[in-house]
Protein chains: 2
Amino acid sequence: MPAEKRKKYHHGDLRNALIEAGMGIIETEGLAELSLRKIAAKVGVSHTAPKNHFGSMRGLMTAIGAEGFRRFATEMRAGLTGTSGRVKKLEAAVEGYIRFARKHPALFQIMFSPEYCDFKDEEVSEAARASYRVLEEISEGLDWDKADLDHAQLRTEIMLWSFAHGYATLLNNGQINFRDDGTPAFDVLDVIPKFGYREM
Amino acid sequence: MPAEKRKKYHHGDLRNALIEAGMGIIETEGLAELSLRKIAAKVGVSHTAPKNHFGSMRGLMTAIGAEGFRRFATEMRAGLTGTSGRVKKLEAAVEGYIRFARKHPALFQIMFSPEYCDFKDEEVSEAARASYRVLEEISEGLDWDKADLDHAQLRTEIMLWSFAHGYATLLNNGQINFRDDGTPAFDVLDVIPKFGYREM
DNA sequence: CTCTAATCTTTCCATTGGAAATATTTTTGC
DNA sequence: GCAAAAATATTTCCAATGGAAAGATTAGAG
């Protein structure tokens with residue numbers, strides 16, 4: 001039997017293969033269709049093999065979430081390059097946030113659901129922090145209140161983050177009304193420049 | 001055997017009993033502990049009995065979500081009575097939104113997750129609309145732009161809603177940092193009055 | 001080359017939501 | 001009243017899921 005066709009007992013790169021398989025399933029079939037056994041079958045291993053690499057299903061989904069956060073940061077930064085001006089950058093980042101959530105709803109849900117994604121995991125917390133750093137950078141120096149600089153930036157960050165996250169979530173859950181053409185009956189860019197911040 | 005002790009074949013008010021039992025479980029044990037069989041056992045019926053009243057587990061959770069939305073509207077309105085002034089009312093409503101989410105995280109999650117709660121259900125959509133009406137009322141006439149009155153109110157509503165929803169969700173998911181004393185390192189009231197709206 | 005650790009499989013199990021057939025009670029129609 | 005029909009509930013069965021346990025296979029260290 002030719003060596004390249006004979007199935008090896010050891011996969012070689014099972015960890016990454018499982019993550020990729022899981023990503024593929026949630027992108028094409030949605031989160032509801034994701035299961036440990038389905039992922040394992042897609043890679044061609046038994047459904048207990050993942051345990052060696054992730055411990056449990058939540059461990060695997062945590063790894064998927066970590067990869068999600070890395071792509072998330074990339075997506076937000078992608079909109080920033082080529083954009084000049086603080087407010088424009090801010091708008092671009094928020095748009096990137098929402099665009100990612102809408103393009104990858106299942107992944108986005110995993111990333112932000114503690115029942116799926118364990119934030120105590122180092123890989124996740126590091127990747128999530130890297131995403132948050134984008135928000136920090138664009139929020140720097142943007143606030144309303146000169147008097148309280150300590151909390152000024154935090155306020156801006158949390159406000160922008162909460163707004164973007166809430167809007168994305170409500171869109172993904174179908175709770176914001178849509179026009180007949182399928183677009184949301186609301187343009188994010190209409191509201192972002194109105195938040196009342198100013199350059200300091 | 002005395003009639004009041006003999007278990008009747010027909011429960012009499014099984015539908016409401018199941019909803020209440022489900023509510024009890026998610027409040028005391030959390031969403032992860034909720035199961036059809038557990039609810040049925042708590043009421044003292046077989047696990048297939050709920051099917052007659054709700055069709056499926058999702059149907060039962062949809063009914064729980066509907067009841068959640070009714071309590072949600074009550075909670076938001078409770079903060080409004082006794083508060084005067086448009087902006088104060090607005091703050092009170094947003095606070096009510098977040099307070100409810102934090103007090104009943106599992107219920108809140110069910111209410112806003114389409115995999116649990118079916119928004120095409122009439123009972124839900126009516127109750128959800130009643131909640132949204134609170135937001136509409138306080139948003140009336142509050143916007144930044146006189147020129148586009150058509151979209152002005154919608155903008156205010158969606159902005160407030162997105163912010164409140166995102167902030168509540170991020171808090172519940174443990175993604176916003178907390179101080180040592182357990183309170184969030186951020187006060188919602190710090191940001192609400194800064195949104196840049198004005199009375200028109 | 002051998003022994004150990006890592007990796008993977010097979011088998012088994014408890015839990016879950018649901019389908020189907022059956023039993024019991026209530027309601028309806030006459 | 002009373003039989004038929006509808007509603008309600010039970011029992012039994014099933015497929016799917018994640019995980020535990022024990023054993024097989026391979027890779028790597030010494």
Side-chain angles (χ1 to χ4, degrees), chain A residues 1-22 25-26 29-65 106 109-110 113-118 121, chain B residues 1 3-22 25-26 29-65 106 110 113-118 121:
Chain A
M1 190 190 286
E4 80 268 6
K5 284 217 169 189
R6 187 168 29 118
K7 195 177 164 258
K8 289 192 302 180
Y9 193 92
H10 285 71
H11 183 281
D13 192 21
L14 184 55
R15 195 190 139 89
N16 288 324
L18 290 169
I19 295 174
E20 199 173 341
I25 292 172
I26 60 174
E29 307 177 40
L31 185 52
E33 284 305 307
L34 189 71
S35 81
L36 189 59
R37 294 172 112 101
K38 205 176 215 170
I39 296 174
K42 195 171 182 180
V43 177
V45 296
S46 76
H47 83 279
T48 53
K51 197 176 192 181
N52 297 305
H53 301 275
F54 302 103
S56 68
M57 178 60 170
R58 184 165 180 247
L60 208 176
M61 295 183 82
T62 296
I64 292 176
Q109 196 181 342
I110 291 174
S113 299
E115 68 261 35
Y116 299 135
C117 187
D118 181 11
D121 178 90
Chain B
M1 191 190 285
E4 79 267 7
K5 285 218 169 188
R6 187 166 29 116
K7 196 180 165 253
K8 288 192 302 181
Y9 192 92
H10 284 72
H11 182 281
D13 193 23
L14 183 56
R15 195 190 139 87
N16 288 324
L18 289 169
I19 295 173
E20 198 173 341
I25 291 171
I26 60 174
E29 307 177 38
L31 185 52
E33 284 305 308
L34 190 70
S35 81
L36 189 58
R37 295 173 111 101
K38 205 176 214 170
I39 297 174
K42 195 171 182 180
V43 176
V45 296
S46 75
H47 84 279
T48 52
K51 197 176 192 180
N52 298 308
H53 301 274
F54 302 103
S56 69
M57 179 61 171
R58 185 165 180 247
L60 207 175
M61 295 183 83
T62 296
I64 291 176
I110 291 173
S113 300
E115 68 260 36
Y116 299 135
C117 187
D118 180 11
D121 179 270

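Side-chain contact check for A:Ile26 versus A:Met61: every heavy-atom pair is 4.5 Å or farther apart. Put simply, the side chain of B:Leu36 does not reach to within 4.5 Å of the side chain of B:Lys51, judged on heavy atoms. The side-chain heavy atoms of A:Ile19 and A:Phe54, taken from C-beta on, include a pair separated by under 4.5 Å.
Regarding B:Arg15, its CZ atom lies at a distance of 13 Å from the P atom of D:dA9, rounded to whole Å. A:Glu115 places its CD atom 15 Å from the P atom of D:dG18, with the value rounded to the nearest Å. Note: OH (A:Tyr116) to C1' (D:dG18) measures 14 Å, nearest angstrom. Rounding to whole angstrom units, CG of residue A:Leu14 and C1' of C:dC8 are separated by 9 Å. When rounded to the nearest whole Å, the span between CD1 of A:Ile39 and P of C:dC8 equals 15 Å.
Every residue two or more places apart in sequence or in another chain was checked for a side-chain hydrogen bond (donor to acceptor under 3.5 Å, both in side chains) with A:Ser113, and none qualifies. Take B:Arg37 and apply the salt bridge (Lys or Arg N to Asp or Glu O under 4.0 Å) test, not counting sequence neighbours, and it matches no residue. Scored by the salt bridge (Lys or Arg N to Asp or Glu O under 4.0 Å) test, B:Asp118 finds B:Arg58, B:Lys120 as partners (sequence neighbours excluded). Under the side-chain hydrogen bond (donor to acceptor under 3.5 Å, both in side chains) criterion, B:Lys38 pairs with B:Glu29, B:Glu33, not counting sequence neighbours.
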Quick tally for nucleotides 13-19 of chain C: nucleotides whose base has a protein heavy atom under 4.0 Å get B, sugar-phosphate-only ones S, the rest -, giving ---BBBB
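Here B:His53 reaches the OP1 or OP2 of D:dA9: one of its side-chain N or O atoms lies under 4.0 Å away.
Counting distance only, with no hydrogens placed and no angle test, the side-chain atoms of B:Asn52 and the base atoms of D:dA7 include no donor-acceptor pair under 3.5 Å.
Between A:Ser46 and A:Ala40, the closest heavy-atom pair is O-CB, 3.5 Å.
Taking the screw axis at each terminus of the helix from C:dC1-D:dG30 to C:dC30-D:dG1 from five consecutive base pairs, the angle between the two is 10° to within rounding of 10 degrees.
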